[in-house]
Novice: 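Supplied in structure tokens, the structure appears directly below.
First the proteins, then the strands, lettered A, B, ... as listed; each starts at 1.
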2 protein chains.
Amino acid sequence: MPQTKTRGAGGTDTVEDIVIEACPVREVLDRVAGKWSILIIVAAARGPVRFTELERSIDGISRRMLTLTLRNLERDGLLRRTVYATVPPRVEYELTDIARELHQSLLSLTDWAERHRATISAARVAYDAGRLTEEG
Amino acid sequence: MPQTKTRGAGGTDTVEDIVIEACPVREVLDRVAGKWSILIIVAAARGPVRFTELERSIDGISRRMLTLTLRNLERDGLLRRTVYATVPPRVEYELTDIARELHQSLLSLTDWAERHRATISAARVAYDAGRLTEEG
DNA sequence: CGGTATCCGCTGTGATACTG
DNA sequence: CAGTATCACAGCGGATACCG
């Protein structure tokens with residue numbers, strides 16, 4: 001993320017400053033933005049989950065994407081991967097402490113989404129209707 | 001988002017149920033996931049902002065993407081667009097109430113990101129180092 | 001000033017097949 | 001069971017040019 005602007009010295013925040021302050025948010029989102037990351041975090045929030053368990057739980061995910069997303073989350077230290085040397089192999093994924101914290105933060109987002117779901121939906125319909133009548 | 005699974009009736013939540021509960025989160029994220037949405041929300045959080053002002057504030061955004069993102073946010077009812085019939089034209093964007101709420105929720109995410117930024121960075125380096133030694 | 005229109009490359013994602 | 005490899009493709013986003 002090439003946000004290389006220097007920060008205005010002292011005084012009141014400019015719009016630029018505020019945008020710069022938003023970078024950490026971008027970092028979270030880049031980390032969690034994938035189509036599947038959140039689903040996995042939520043699914044793993046209750047305790048260790050196995051690969052196949054995740055595959056079955058998450059509707060529509062491909063093996064490839066499950067693996068990729070899992071790896072990225074592990075890389076970022078959000079998931080811990082434990083391999084049991086049994087046969088057949090058994091691999092478990094569980095949230096790290098910081099991922100658990102993240103999961104908590106996501107709750108306020110979920111809450112927001114649930115409270116305004118209808119409003120947003122309506123806004124969308126209204127907007128599209130407007131576009132239609134004013135040109136068609 | 002084709003999450004069409006039916007919910008298990010009564011009893012304890014299964015992993016499936018939990019993933020389904022995550023959908024609202026996905027909705028938020030889909031709405032806000034774009035590369036620029038968050039930056040715009042944060043930049044508009046203090047009050048009305050003009051188009052050019054945003055263009056200058058947000059480092060690296062193209063005109064095209066600014067317009068597109070603005071339109072999407074407006075469509076979802078997160079931004080209000082006001083056109084003043086002056087010359088030269090003047091267009092202002094401001095957050096709606098629900099967007100303001102969203103902005104508040106984002107704060108807990110920012111906080112998380114800031115607190116664990118270093119940890120995550122380290123985790124990444126460690127992970128990559130591990131990959132290297134165990135194969136190279 | 002505040003946009004649209006067009007072209008185009010890149011990355012994320014899916015489908016499918018193979019493996020320790 | 002838990003992956004990896006390969007191919008193919010859609011859509012996001014960038015660059016550039018033009019318009020009311």
Novice: What distance do B:Leu73 atom CG and B:Leu95 atom CG have between them, rounded to the nearest 0.5 Å?
Specialist: 9.0 Å
Novice: Tell me: CG of B:Leu68 to C1' of D:dA15, nearest whole Å?
Specialist: 14 Å
Novice: Please report the interatomic distance CG(B:Leu79) to OG(B:Ser37), rounded to the nearest 0.5 Å.
Specialist: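 Reported to 0.5 Å precision, the distance equals 9.5 Å.
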Novice: Which one, C:dT4, D:dC1, C:dC1, comes nearest to the side chain of B:Arg63?
Specialist: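 Nearest to the side chain of B:Arg63 among the choices is C:dT4.
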Novice: Under 4.0 Å between any heavy atoms, over every strand shown, what does B:Tyr93 touch: base, sugar-phosphate, or nothing? Just pick one.
Specialist: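 Sugar-phosphate, backbone atoms only, no base.
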Novice: Whole angstroms only, please: what is the CG-C1' distance between A:Leu66 and C:dT16?
Specialist: 17 Å
Novice: Who pairs with B:Ala123 by side chain to side chain contact (heavy atoms under 4.5 Å, CB included), at least two apart in sequence or on another chain?
Specialist: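 If we apply the side chain to side chain contact (heavy atoms under 4.5 Å, CB included) test to B:Ala123, skipping adjacent residues, there are no hits.
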Novice: Please state how far atom CD1 in A:Ile61 lies from atom C1' in C:dT13, giving the value in whole angstrom units.
Specialist: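 Rounding to the nearest Å, CD1 of A:Ile61 and C1' of C:dT13 are 11 Å apart.
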Novice: Among D:dG3, C:dT4, C:dG14, which nucleotide has an atom closest to any side-chain atom of B:Arg71?
Specialist: C:dT4
Novice: Rounding to an integer number of Å, can you tell me how far A:Arg26 CZ sits from D:dG13 C1'?
Specialist: 12 Å
Novice: Can you tell me if the side-chain N/O atoms of A:Arg50 get under 4.0 Å from OP1 or OP2 in D:dA2?
Specialist: yes
Novice: From the set C:dC1, C:dG20, C:dA15, return the single nucleotide nearest to any side-chain atom of B:Pro89.
Specialist: C:dC1
Novice: Nearest to the side chain of B:Pro88, heavy atoms from C-beta on, is which of C:dG14, C:dC1, D:dG13?
Specialist: C:dC1
Novice: Can you check whether B:Thr67 has a side-chain N or O nearer than 4.0 Å to OP1 or OP2 of C:dG3?
Specialist: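 It does not, given that no N or O in the side chain of B:Thr67 lies less than 4.0 Å from OP1 or OP2 of C:dG3.
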Novice: Please report the distance, rounded to the nearest Å, between CG in A:Leu79 and P in D:dA2.
Specialist: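 Atom-to-atom, A:Leu79 to D:dA2, this comes out as 15 Å.
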Novice: Which heavy atom of A:Leu29 sits nearest to which heavy atom of B:Leu109, and what is that distance?
Specialist: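 Heavy atoms of A:Leu29 and B:Leu109 come nearest at CD1-CD1, 4.2 Å.
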Novice: Given D:dA2, C:dT13, C:dG2, which nucleotide is nearest the side-chain atoms of B:Val91?
Specialist: C:dG2
Novice: From D:dG3, C:dC1, D:dG13, pick the nucleotide closest to the side chain of B:Thr52?
Specialist: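 So the side chain of B:Thr52 is nearest to C:dC1.
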Novice: Tell me whether A:Arg115 is salt-bridged to A:Asp111, with the criterion being a basic N under 4.0 Å from an acidic carboxylate O.
Specialist: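 Counted as a salt bridge, because a side-chain N and a carboxylate O are separated by less than 4.0 Å.
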Novice: On DNA chain D, does the nearest nucleotide to A:Phe51 precede the nearest nucleotide to B:Ala33 from the 5' side, or the other way round? Give the residue.
Specialist: A:Phe51
Novice: So, is A:Arg81 near the phosphate of D:dG3, with a side-chain N or O under 4.0 Å from OP1 or OP2?
Specialist: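 Checking D:dG3 against A:Arg81, a side-chain N or O does come within under 4.0 Å of OP1 or OP2.
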